[in-house]
2 protein chains.
Amino acid sequence: MLRLSKKADYALIAMRHLAGASADSSVSAREIAESYGIPAELLAKVLQRLVRSRLLVSVQGTRGGYRLAGDPRLLTVADVIQAIDGPVAVTACSPDDHGCEQYDRCEIRDPLWKIKSRIVDALATVSLAELAEPAPAPGTPVAVPMYVRGTAPAPPQAVE
Amino acid sequence: MLRLSKKADYALIAMRHLAGASADSSVSAREIAESYGIPAELLAKVLQRLVRSRLLVSVQGTRGGYRLAGDPRLLTVADVIQAIDGPVAVTACSPDDHGCEQYDRCEIRDPLWKIKSRIVDALATVSLAELAEPAPAPGTPVAVPMYVRGTAPAPPQAVE
DNA sequence: TAATATAGGACTTGCTTGGTCGGACTTGAG
DNA sequence: CTCAAGTCCGACCAAGCAAGTCCTATATTA
C-alpha cells in the first residue's frame, strides 16, 4: 500500500494549481474544487489545514480565497503531505514514542527508520514549482537535485 | 502517514527472525509469535501469505514450520511488503488503472509516480540479511549498494 | 491414534477516512 | 449601517478497512 490519503491528493492538486496562478491574486476553494471535480466542502477543510500549517495564506470576505505563503520552488511535496497527514512514519514507533507492543523485542526499527528518512527525502526533493511544470526543459534550473528526474529503473525486482 | 500495516510489520519481524535462523531448520509460527508477543493466529495467516508469494516454504505436520525460500541477501524489504500489502502505490491511479475521479484533469500523476519509484527503490535496497545484522562491520560485502547505510544525510547523488 | 503443525475461510469489532452540515466571522457594496 | 457573499471551523455521520478471533480441514510424526 503506502497510499497517501485523498485529502493529501487534493492538497497537492490545489497547491499545484495555486503554484501556477499569479502570486498576488487569490483563488477561492470553490473555484479549485469545481476545476477538478473535488467536493468543495472537503477541499475547503484541506485548505484550512494548509493555512494553519503556514503553507497558504487566506484572504477572507467576498472575493477572498487562498494564496501560496511562499516561493513554490521552496515548498515541497513533503511539506504538503506532512501538513495534511501528519509526520511521515513507516513504523508505529518513533525515537520518542514507543507506541508498539514489541518495542523492546523489535530488531527492525533502525533499518526501517533509515528507509523512512529516504522516503521523506524523496518527497522533499520535489518542489511545487516542479509539479507546476512537469516537463522541465533539460537545463532548467529548479532548486532541486536532478536524480529525482529520470524515473529510477527500479532495480532488480518486479516493481509491481 | 504512509504507515505500513501491522501485518507487514509482523511479516518483516518474522522474516528477519527466519533470516537469522539456520537455513535448514524450520521455525513454527507459534514459536515466532511467542518470541515477539504477536497474536499467533494472525501471524500464521501472514506467514501463509508469504508462502503463497514464494518468499517462504512451509513444512507441515508435527515439528513443521517455515523456512526462507531463498538467500536472505537477495530477499528485500520491498518483496515482503509487496507480498503482504500488495504493490506499493502512492496514488489511486496507475498507468493501467485510472481509478480516480479527476484522472484527466490531474496534473500531478507523473511526478508522484516518480516519487513512488524512488520509494520502492528505498525499500528494495535493504535486504533481509541487512535486517538480521543491523550493524554490519565496515567492509562486509552485502549485495547492496552502500548509500543505504549511513543514515540520514541522504547523499544527493548516485541512486542509479 | 493422539498431538502438533499448516491452510484457509468466515466473522466481529473498532478506528480511520471521506464526506456533510450548520453556525460564526469577515469583507465589500449599497 | 446593514445585508449578502463568501470564508473559517468545529461537530457530526457513514462506509470501509485493518486487526484480531474462531472454526474446520489436512498433513505429519511419534
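Naming: A, B, ... by sequence-line order, numbering from 1 per chain.
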A.B. asks: Is any side-chain N of the basic residue among B:Asp79 and B:Arg54 closer than 4.0 Å to the acidic one's carboxylate O?
C.D. replies: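 Looking at B:Asp79 and B:Arg54, the cut-off is not met.
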
A.B. asks: Need to verify one output field. Residue with the more 5' nearest nucleotide on DNA chain C, A:Lys6 or B:Ser28?
C.D. replies: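 First, find each residue's nearest nucleotide; the 5'-ward one identifies B:Ser28.
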
A.B. asks: Describe the nucleic acid contact of B:Arg52 in one word from base, sugar-phosphate, nothing, applying a heavy-atom distance below 4.0 Å.
C.D. replies: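 If one applies the 4.0 Å heavy-atom cut-off, B:Arg52 turns out to touch the sugar-phosphate alone, with no base involved.
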
A.B. asks: Just so I know, are the side chains of B:Ile32 and B:Leu43 near enough to count as touching, which here means a heavy-atom distance under 4.5 Å?
C.D. replies: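 Contact flag for B:Ile32/B:Leu43 side chains = yes.
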
A.B. asks: Is B:Leu68 reachable from B:Ile13 through a run of I, L, V, M, F, W or Y residues, each pair having side-chain heavy atoms under 4.5 Å apart?
C.D. replies: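 Result: yes, single cluster for both.
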
A.B. asks: Choose from D:dT7, C:dT6, D:dG10 the nucleotide whose nearest atom is closest to any side-chain atom of B:Tyr66.
C.D. replies: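 Among the listed nucleotides, the one closest to the side chain of B:Tyr66 is C:dT6.
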
A.B. asks: How is B:Ala44 classified with respect to the nucleic acid when contacts are heavy atoms under 4.0 Å: base, sugar-phosphate, or nothing?
C.D. replies: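 No contact.
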
A.B. asks: Measuring only between side-chain heavy atoms, which start at C-beta, is B:Val90 closer than 4.5 Å to B:Ile119?
C.D. replies: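 Touching, per the 4.5 Å side-chain cut-off.
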
A.B. asks: Return the 5'-most residue of the pair A:Val59, B:Arg63 with respect to DNA chain D, ranking by each residue's nearest nucleotide.
C.D. replies: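 The residue whose closest nucleotide sits nearer the 5' end is A:Val59.
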
A.B. asks: Nearest-Å distance, CZ (A:Arg3) to C1' (D:dA18)?
C.D. replies: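 The distance from CZ of A:Arg3 to C1' of D:dA18 comes to 17 Å, rounded to the nearest Å.
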
A.B. asks: Of all the nucleotides listed (C:dG18, C:dT20, D:dA19), which has the minimum atom distance to the side chain of A:Glu41?
C.D. replies: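 Nucleotide nearest to A:Glu41's side chain: C:dT20.
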
A.B. asks: Starting at CD1 of A:Ile84 and ending at C1' of C:dT16, how long is that distance when rounded to a whole Å?
C.D. replies: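 Going from A:Ile84 (CD1) to C:dT16 (C1'), I get 16 Å.
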
A.B. asks: What I want to check is whether the side chains of B:Ser94 and B:Asp97 have a donor and an acceptor closer together than 3.5 Å.
C.D. replies: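 No, B:Asp97 and B:Ser94 have no side-chain donor paired with an acceptor closer than 3.5 Å.
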
A.B. asks: Are OP1 or OP2 of D:dG20 and a side-chain N or O of B:Tyr10 less than 4.0 angstrom apart?
C.D. replies: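 Affirmative; the distance criterion is met.
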
A.B. asks: Checking contacts here: which listed nucleotide (D:dT26, C:dG18, C:dA3) is nearest the side-chain heavy atoms of B:Thr62?
C.D. replies: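 The closest nucleotide is C:dA3.
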
A.B. asks: Rounded to whole Å, how long is the line connecting atom CG of A:Leu42 with atom P of D:dG10?
C.D. replies: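 The distance from CG of A:Leu42 to P of D:dG10 comes to 16 Å, rounded to the nearest Å.
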
A.B. asks: Starting at CZ of A:Arg49 and ending at P of D:dC9, how long is that distance when rounded to a whole Å?
C.D. replies: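 Rounded to the whole Å, the gap is 13 Å.
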
A.B. asks: What is the distance from OH of B:Tyr36 to P of D:dG20, rounded to the nearest Å?
C.D. replies: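 Roughly 17 Å, once rounded to whole Å.
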
A.B. asks: Toward the 5' end of DNA chain C, which comes first, A:Gln60 or A:Ala40, by nearest nucleotide?
C.D. replies: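 First, find each residue's nearest nucleotide; the 5'-ward one identifies A:Ala40.
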
A.B. asks: How many Å lie between CG on B:Leu18 and P on C:dT6, as a whole number?
C.D. replies: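 After rounding, the gap between these two atoms is 11 Å.
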
A.B. asks: In whole angstrom, what separates A:Arg30's CZ from D:dA5's C1'?
C.D. replies: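 The distance from CZ of A:Arg30 to C1' of D:dA5 comes to 10 Å, rounded to the nearest Å.
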
A.B. asks: Which nucleotide wins on minimum distance to the side chain of A:Lys45, given the candidates D:dT7, D:dG6, D:dA11?
C.D. replies: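 That would be D:dA11.
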
